[in-house]
Amino acid sequence: MTEAQDSLPQPHSRQPPWRRGARWLLPLAVWMALMAAYGEWVYRRAVTNQVADMHRNLEVLLPALESAITRYQDFPYAVARDRLAWDFLADPHNLHMQDKFDPYLQDVNRRLATELLMLLDVRGQVVSSSDWQTRKADAPENYADRPEFKQARAGRLGLDYAVDESTGLAGLRIAHPVQNGDTVIGVMVLTVRLDAVQDAWRLRGAPVVLTDNRGIVFLSSQPDWLYTATRPLNPDAIQQLAASRKYGRDRAFAPIPWKLSRQNGDEHYQLSARIEGAQRDFLALDSRLDAWDWTLTQTSDLAFARRTRWSAIAFATLACGFVLFGALYLRQREKRFSELRAARQQLEQRVRERTKDLEDEVSFRKAMEDSLLVGVRARDLEGHIIYVNPAMCEITGYRADELLGRLPPYPYWHPDETEKSWADNNAALSGRAMLTGTESRFRHRDGHDVFCMIYTAPLVDAAGTHKGWLNSVVDITAQKRAEEQQRLHVEQMQRTGRLASLGEMASTLAHEINQPLMAMASFASAARIYCEQNKPTLLIENLDAIKDQALRARGIIDRIRMTARQQTPGLQPCNLQEVVVNVLALLRFDLRQRKARVVTHYANHLPSVNADRVLLEQVVMNLVVNGLQAMQATPAQRRVVDIRVGFDATQAFIRVADNGTGIAPEIAGQLFQAFFTTKLDGLGLGLKICRTILEGHGGRLEFENSPQGGAVFTIFLPIAI
Ligand code: ADP
């Protein structure tokens, strides 16, 4: 079971890692596309800016170049106007003139810091030269086929860039006609080097080249690009160039070592070239110099635009990163805040619930304390009352505000018990109060006495500190009164009981003696009659009966005396049938007088009971006499007392039934009370004496109404073992 649970995959690990990573792919791709687009935009802007920069550079490059070209443009003219030149051209073989003119050109050339100053005749032949002293032997003597010469010979300004065949020096040749009037008599040619321009270009960091109308580079910041061709040259052109020796001899005019890429519509283009061993890409912009039919190509390093692109991407990434981290941080913070908010709300909810619970508890306790019948009083360690409940106010009659803060003696202390109150108070405050409580008497504000039980317990706060004492005060006044009344009642009862016993004894005596006396009176009357009639047998019989009754009366008196002395009756085994027969013998006179009959039923093998025979006969006699008395209104033929004697496993019984009035339900509960009687001459003691006698024998007496009418009384006695 545990293994199975352990092997269950955790919810977050159900997705394979590539799927969890996959959800980042789309945002990543979008982000990369955005970055690429942004980079491209930045790159294009940088390119546009670089192109604009190149346009601005033209404002420096072109004037510099033009200045380098035009600065010397008029010097040959000035020299050509010199009369000396005319004179010399008029007589070119005049050595004297030669000696004067050569130094003159040399001097001018030196002062101008130009390359070479020459005077040519109309055939193009060198007449004088500033380098007359150093001129090489193979230096060309005739420049007739040179374009600048041809132009000057035609009377115009001649201009051409060319390489000197003998010195290999490149320079701009400026040719002016030397005129005598309108006639061209010679040509003054000044060669100017443009190295300074070239050197200035080298400082720019990106190549700058100047190409002629055929596309041949003749000025370049890159020395190895000199005399390369930016455009393919056709063989005629190559031949013409070789023939003119414009750029010296044996020039191959190899293609310039760059690769171009041009986008349609753009004036600029891109070129890549290996410079100082490194392959580099440049932006290039061509500017036409129409005056000379040249093209100036300036470049700008594309690395800058590319760097700008990557810097922008890096910056954007960094910014995005910052934003992302900022957002994540804010989200995290917000999450944390919302967690804190939720926790705070939860806490507030719990506090609210707890507060409500406490309020409920407080109101419950208050309701409980208010509803308590027991007074509650709290005191601090010095004895100041710090709390009382309504019941305490009720018990003492003082309001809470009259009791709170009070020190002993308290206003409800009983003036008769001040000393005891102080003692109890000191015992309670010193922790010696009895656990079982102290009984005390208070004086209520209205003056009546209040009896109380005071129980004391320590008052301990939540931190476990003992703060004082808590008393519960139980008003026991009512209980006290009840006890007092009970005591008085018991005393009264005792007095009444004693009186009642005396009366009862006297009455019992009278009741029990009455019957034999009545019988004796009857027998005596009969004896008198028999005596007068001289019937001695009957007389003797009646005298014996009188004697029996007298003895019986004496026996009764003995028993009563014994009972008064709390002596137990003399128990002996009795046959219940004999008891009944004896009783009926004693009552034969009564039966005859009342015209009543007795029907008896005796069970066979009746067991004996242990009893005082005389008392038992007295009980049976009482029941039979009561039955006879109850049948006074019963027709004579139905005046029957039915006596049944029987037994069961444990007890023997004598059942006496009559056909009399029966027992009315309203008096059924009072039959055994002393002095309860419904008869005019009754004493109301018979049944009570019967029950007392039977209970003294361990038996009992029960009664019921017979369904046929009349009452049924049954004596139960335990069978003698
Ligand atoms: P007394 O005979 O002096 O009245 P008892 O204690 O013997 O006193 O009887 C109390 C009362 O019980 C009688 O007054 C009578 O009302 C009632 N009583 C007793 N025995 C019978 C009976 N067999 N039938 C009807 N009532 C009876």
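Order of appearance sets the numbers: ligands from 1, and atoms from 1 within every ligand. These figures come from a predicted structure and were not determined experimentally.
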Give the atom numbers and elements of ligand 1 that come within less than 4.0 Å of a heavy atom of [X].
X	value
Thr677	1 (P), 4 (O), 14 (O)
Thr661	25 (C)
Phe676	10 (C)
Lys679	1 (P), 2 (O), 4 (O), 13 (C), 14 (O), 15 (C)
Gly627	23 (N)
Ile663	25 (C), 26 (N), 27 (C)
Leu671	12 (O)

Item to check | Face-on cation placement of Lys535 at Tyr530 ring, 6.0 Å and 45° thresholds | outcome: no
Next on the checklist: Check for me whether Arg691 meets the cation-pi criterion with Phe672, that is, NZ or CZ under 6.0 Å from the six-membered ring centre and within 45 degrees of the ring axis.
Outcome noted: yes
Residue-ligand contact [X]/ligand 1, heavy atom below 4.0 Å:
X	value
Gly662	yes
Asp658	yes
Gly684	yes

Checklist entry - Any side-chain donor-acceptor pair under 3.5 Å between Asn610 and His697? => result no
Item to check | Donor on one side chain, acceptor on other, Asn575 and Arg613, under 3.5 Å | outcome: no
Checklist entry - Counting only heavy atoms not in Glu339, do more than 12 fall under 6.0 Å of its CD? => result yes
Checklist entry - Does a sphere of radius 6.0 Å around CZ in Arg352 hold more than 12 heavy atoms from other residues, nucleotides or ligands, not counting ones at 6.0 Å or beyond? => result yes
Distance to 0.1 Å, residue and atom name: give those for the protein heavy atom nearest to [atom].
atom	result
atom 7 (O) of ligand 1	Asn626 ND2, 2.9 Å
atom 16 (O) of ligand 1	Thr678 OG1, 2.3 Å
atom 3 (O) of ligand 1	Leu683 N, 2.9 Å
atom 6 (O) of ligand 1	Leu687 N, 2.9 Å

Checklist entry - Would you find a donor on one side and an acceptor on the other, under 3.5 Å apart, between the side chain of His444 and the backbone of Asp446? => result yes
Checklist entry - Under the 3.5 angstrom rule, does the side chain of Asp658 hit a backbone N or O of Ala711 as a donor-acceptor pair? => result yes
Item to check | Partners passing side-chain hydrogen bond (donor to acceptor under 3.5 Å, both in side chains) against Asp642 (at least two apart in sequence or in another chain) | outcome: His601
Item to check | side-chain contact (heavy atoms from CB on, under 4.5 Å) evaluation trace for Tyr455 with Val473 | outcome: CA-CA 7 Å; Tyr455 300 91; Val473 181; over 6 Å; no
Next on the checklist: Using a 3.5 Å cut-off on N or O atoms only, is Ala630 in polar contact with ligand 1?
Outcome noted: no
